[in-house]
Amino acid sequence: MDIPKAYEPALVEQKWYRTWEESGYFKADPSRSGVPYSIVMPPPNVTGSLHMGHALNITLQDIVIRWRRMQGLNVLWLPGTDHAGIATQNVVERQLAEQNLHRLDLGRERFEALVWEWKEKAEANILSQIRKLGSSCDWSRTRFTLDQGLSGAVREVFVRLYEAGLIYRGEYLVNWCPRCTTAISDLEVDYRPIDGKLWHIRYPLKGSNDLVVVATTRPETMLGDTAVAVHPDDERYFHLHGRKIVLPLMERDIPIITDPFVEKDFGTGVVKVTPGHDPNDFEAGQRHHLPVVRVIGEDGKMTVEAGPYSGLDRYAARNRVVQDLESKGLLAKVESHSHNVGTCQRCETVVEPLVSKQWFVRVKDLAEPAIAAVAHGRTVFIPENYSRVYFEWMRNIHDWCISRQLWWGHRIPAWYCKKCGEMIVARIEPSHCSRCKSDRMEQESDVLDTWFSSALWPFSTMGWPEATADLKVYYPTQTLITGFDIIFFWVARMMMMGLRFMNDVPFRTVYINGLIRDEQGQKMSKSRGNVIDPLQIVEEYGTDAIRFTLAVMAVPGTDIPFSVSRMAGYRAFCNKIWNAGRFLLLNLSAVPLPDAEEMDRLYSSGQLRLEERWILGRLQHAIRDTNENLEKFRFHEASNQLYHFFWHELCDWYLELIKANLAAKDKATAVLTSKVACYVMEVSLRLLHPFIPFITEELWQRLPHSGPSVMLSSYPRPKPQWIDGESIEQMEELQEVITAIRTARAETSVDPRKKIESHISCSEEAAAFLKSQEHHLRSLAQLSSVSFNAEPHGKGLRIQGMTKTVEFALILDESLDFEADRDRLRREIARLQKDVEKLGQKLQSADFLNRAPAEVVQATRQRYEDGLEQLRGLQEKLAALSGS
RNA sequence: AGGUGCGUAGCUCAGGGGAAGAGCACUUCCUUGACACGGAAGGGGUCAGCGGUUCAAAUCCGCUCGCACCUACCA
């Protein structure tokens with residue numbers, strides 16, 4: 001048998017992935033039987049390549065999908081990518097900038113062509129990375145948000161919402177990025193603390209020599225002031241009510257208004273009102289019907305409305321305004337003041353709030369059913385507290401600005417008549433104006449916010465608005481797995497759109513995965529230089545190792561400090577699995593894999609030995625736990641528990657215990673042992689497959705199996721009747737005795753290879769049991785002989801020890817370290833004494849005896865008595881040793 | 001300002017009302033024919049602090065301290 005000593009992922013991953021894909025194992029078929037189970041993959045942006053967050057997200061989805069597929073469900077996992085408007089446009093713009101070019105130099109068409117070129121490359125790269133992670137998604141259904149089909153869905157939704165009055169166009173204050181030269185939504189603004197200044201400016205009161213002092217962090221906006229406001233109840237300023245201000249520098253009269261939005265305690269309690277450049281002021285302006293003066297333009301420079309400051313950059317204008325005020329004696333004082341400044345999430349430029357004509361979705365009516373759906377549990381968040389995050393935002397939702405002044409995205413399906421100005425919103429480009437019949441129509445140049453198309457993803461990808469078989473079978477999807485950072489951006493909007501256009505929630509469960517951080521818990525970022533490239537990790541450690549690591553660390557909703565050293569531990573686990581398989585391959589008698597009936601027969605035939613009944617029982621536990629944990633999306637517990645089962649039960653004990661029998665000269669014994677071992681291994685591989693698909697497939701194929709692929713085999717279901725309490729207890733006893741003997745040997749520095757004589761005294765019952773397992777005692781504890789309840793013959797030195805049920809002596813014919821032995825005994829005695837004391841106290845308490853459940857009291861008493869007895873024994877041994 | 005989460009072994013983290021867990025690191029020993037990406041054994045924790053509920057609290061509740069994050073907004 002040609003099987004390498006160490007698992008080499010590179011040799012198997014590509015091979016199996018290609019086989020799976022080419023055999024069509026990933027393909028969904030709406031016409032097949034089985035309960036549908038679908039997931040749409042959160043589409044990665046075509047901005048670059050996958051990061052660890054994607055690796056986590058994709059791994060978890062694949063685990064769920066492979067598990068459900070093996071359970072026999074009718075599975076669809078639909079992959080794809082997102083055009084990511086601003087982000088992708090920025091990437092290409094940056095490349096142009098390197099050649100000293102701007103997109104305006106190219107024009108819209110040529111620029112778009114360039115972005116498409118980029119997209120093709122990025123997408124190909126991303127999809128191949130997704131493959132490398134072992135993802136079993138249906139590639140025949142791969143979608144891209146700018147695909148023809150999806151674009152059709154976008155248009156359809158836009159038109160329907162417009163016709164329903166839920167989309168409107170108007171002049172409002174929006175967040176504007178002067179660098180990207182586009183509007184961005186509230187969610188795309190990051191606030192950062194900035195050490196700024198608070199300028200106190202004297203505003204002359206009209207018709208008097210009085211001055212009113214206002215405080216501002218943005219003096220340049222005063223050029224656009226159209227009022228000054230005070231709180232209506234502020235006694236200090238009652239005399240100002242109804243008066244006017246002569247706005248300095250601009251020398252125009254503006255009213256003093258009263259409005260409760262003014263905070264009396266901040267600054268001077270008098271605030272300048274600039275409806276054109278501040279969200280609060282904009283609203284105040286609407287309340288008081290103030291004119292809007294736009295002094296800062298879309299390029300971040302002062303407009304003609306700024307008079308003498310026109311053409312200056314907004315920051316240059318600030319300096320000039322301050323200088324001019326100072327020279328006129330109108331600057332009362334300057335304080336340093338730290339405050340939050342909004343910046344563009346994509347390019348970090350300070351955002352300029354400004355009034356412009358934009359498209360909006362009226363969102364209240366859409367939000368209501370989406371709130372209700374979660375409130376009624378039609379969609380459930382895991383962990384559950386994220387529903388609070390969702391509610392909080394949904395209940396305070398603002399209209400959604402969906403237009404972007406970009407070139408990369410879905411062009412808004414609105415046309416304007418160049419002749420009469422009529423606007424037409426339509427599914428197909430109108431050939432002429434419906435009002436004046438002119439054929440000089442021009443399409444709206446704005447594109448839609450990326451999230452507008454992403455919001456349709458769960459159904460647009462399945463062919464909506466056509467009534468496709470996919471939609472019928474696979475919508476709503478079962479599960480969405482995504483990060484908390486896009487609950488508002490994406491999850492909430494999919495909820496709204498799904499309910500509106502499909503009349504049902506887009507997914508039953510939203511599992512929120514955590515953020516991947518570095519080992520020190522720092523966010524991974526290029527600027528910190530702590531980014532780990534998942535594909536590089538895959539090359540170094542293998543896909544299975546990274547997948548298992550991510551699964552083990554995936555505690556729902558909490559961040560994951562990704563640790564390479566920890567992953568090395570899970571690579572070792574893969575290697576362990578490999579070698580367990582290798583061991584069987586090298587030692588099995590040639591037997592076919594026993595089927596379920598044969599195993600049932602064997603189990604009830606009474607031929608199975610302790611270790612076999614035990615491991616079959618433990619296997620059922622593992623099966624049950626894995627299924628239960630996956631059901632609850634507890635990936636970390638599912639995988640951790642499998643790790644423990646496979647390594648520390650199956651490998652450490654079971655495989656060790658069957659070695660002799662596997663190699664037994666007695667053919668029947670060897671065959672029986674082989675059969676059970678085959679079975680245990682085969683089930684374990686199936687159990688592990690969703691987590692570590694490659695190594696399990698490779699071993700499964702090499703070992704006795706039936707069927708074309710482990711990924712198509714059935715997922716193990718527990719057989720509770722194979723959980724045999726007696727074998728588990730007996731096994732524990734055996735393990736305890738073996739471990740105690742090993743400990744005694746190790747601590748007294750007996751040569752580990754030396755077979756030694758042993759003597760055990762215990763109850764008749766225990767003796768009978770241990771006698772039946774004598775071969776195991778000998779091989780695992782390195783004993784030459786075991787005698788029971790008889791005085792040891794021979795006069796060698798003795799090491800003594802005990803467990804709950806036995807006392808033992810190991811006979812040596814050479815000197816040994818008695819002091820070490822005494823030390824060991826003293827330590828054990830001290831430890832036991834503490835325990836026993838604590839238990840004794842508990843048992844003294846009448847409250848405990850009366851109120852604690854009977855089985856707890858019983859268990860406590862048992863432990864107490866065992867402890868006492870052990871303590872007595874140990875003290876005797878110590879005394880004997882000290883005497884010698 | 002409001003909210004959420006976290007503080008458990010040297011490090012990174014699970015667990016969660018009835019005997020402290022994992023990976024890595026550490027100590028000692030072992031190249032015995034699955035595996036040194038290994039085996040055996042071991043050291044190491046008043047589970048942030050203070051109070052409360054309970055027969056029983058690392059676990060539930062309250063407060064304090066420290067650390068993250070989210071939302072809102074600060075003229």
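Letters go in sequence order (proteins before strands), and every chain restarts at 1.
- Within 4.0 Å (heavy atoms only), A:Lys659 reaches at least one base atom of the nucleic acid.
- Toward the 5' end of RNA chain B, the nearer of the two residues A:Phe848 and A:Asn640, judged by each one's closest nucleotide, is A:Asn640.
- Looking at heavy atoms from C-beta onward, A:Asp225 lies out of side-chain contact with A:Ile245 at the 4.5 angstrom threshold.
- Pairing for B:G17 is absent, with no Watson-Crick or G-U wobble pair whose two atom distances lie under 3.5 Å.
- The A:Arg388 side chain lies nearest to B:U4 when the options are B:U4, B:A22, B:A41.
- Across the P atoms, B:G2 and B:A9 are found 32 Å apart, a figure rounded to whole Å.
- The partner of B:G44 cannot be assigned: no Watson-Crick or G-U wobble pair with both contacts below 3.5 Å exists in any strand.
- Look at B:G23: its Watson-Crick or wobble partner, with both distances under 3.5 angstrom, is B:C11.
- Judged by atom type and distance alone, A:Glu656 does not reach the base of B:A40 through any side-chain donor-acceptor pair under 3.5 Å.
- To the nearest 0.5 Å, the span separating CG on A:Leu657 from CD1 on A:Ile738 amounts to 6.5 Å.
- Using a 30° and 60° split on the angle between ring planes, A:His648 and A:Tyr643 fall in the perpendicular class, above 60°.
- For the pair A:Tyr191 and B:A72, the criterion of a side-chain N or O lying under 4.0 Å from OP1 or OP2 is not met.
- Side-chain to base pairing of A:Arg863 with B:A19: one donor and one acceptor N or O lie within less than 3.5 Å of each other.
- A:Val555 comes within contact range of the sugar-phosphate backbone alone, with a heavy-atom separation under 4.0 Å but no base atom that close.
- Judged by Watson-Crick or G-U wobble contacts below 3.5 Å, the nucleotide B:A56 has no partner.
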List the atom pairs, donor and acceptor, that lie under 3.5 Å between side-chain atoms in residues 386-397 of chain A and the rest of the protein, sequence neighbours left out.
| residue | atom | partner | partner atom | Å |
| --- | --- | --- | --- | --- |
| A:Tyr386 | OH | A:Gly557 | O | 3.3 |
| A:Ser387 | OG | A:Glu384 | O | 2.6 |
| A:Ser387 | OG | A:Glu384 | OE2 | 3.3 |
| A:Tyr390 | OH | A:Ala370 | O | 2.7 |
| A:Glu392 | OE2 | A:Asn396 | ND2 | 3.4 |
| A:Asn396 | ND2 | A:Glu392 | O | 2.9 |

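- Across all strands shown, B:G3 is found opposite B:C69 as a Watson-Crick or G-U wobble partner, with both distances under 3.5 Å.
- Mapping A:Leu849 and A:Thr739 onto RNA chain B by nearest heavy atom places A:Thr739 at the nucleotide closer to the 5' end.
- Within residues 537-545 of chain A, no residue approaches RNA chain B, by heavy-atom distance under 4.0 Å.
- For B:G62, the paired base is B:C50 (Watson-Crick or G-U wobble, both distances below 3.5 Å).
- Within the nucleic acid shown, A:Lys5 comes within 4.0 Å of sugar-phosphate atoms alone, with no base atom in reach, counting heavy atoms only.
- In this structure, B:G38 forms a base pair with B:C30, meeting either the Watson-Crick or the G-U wobble geometry with both donor-acceptor distances under 3.5 Å.
- Here, B:U31 and B:C37 have their C1' atoms 16 Å apart, quoted to the whole Å.
- Listed for the A:Arg745 side chain is a donor-acceptor partner under 3.5 Å among the backbone atoms of A:Gln782.
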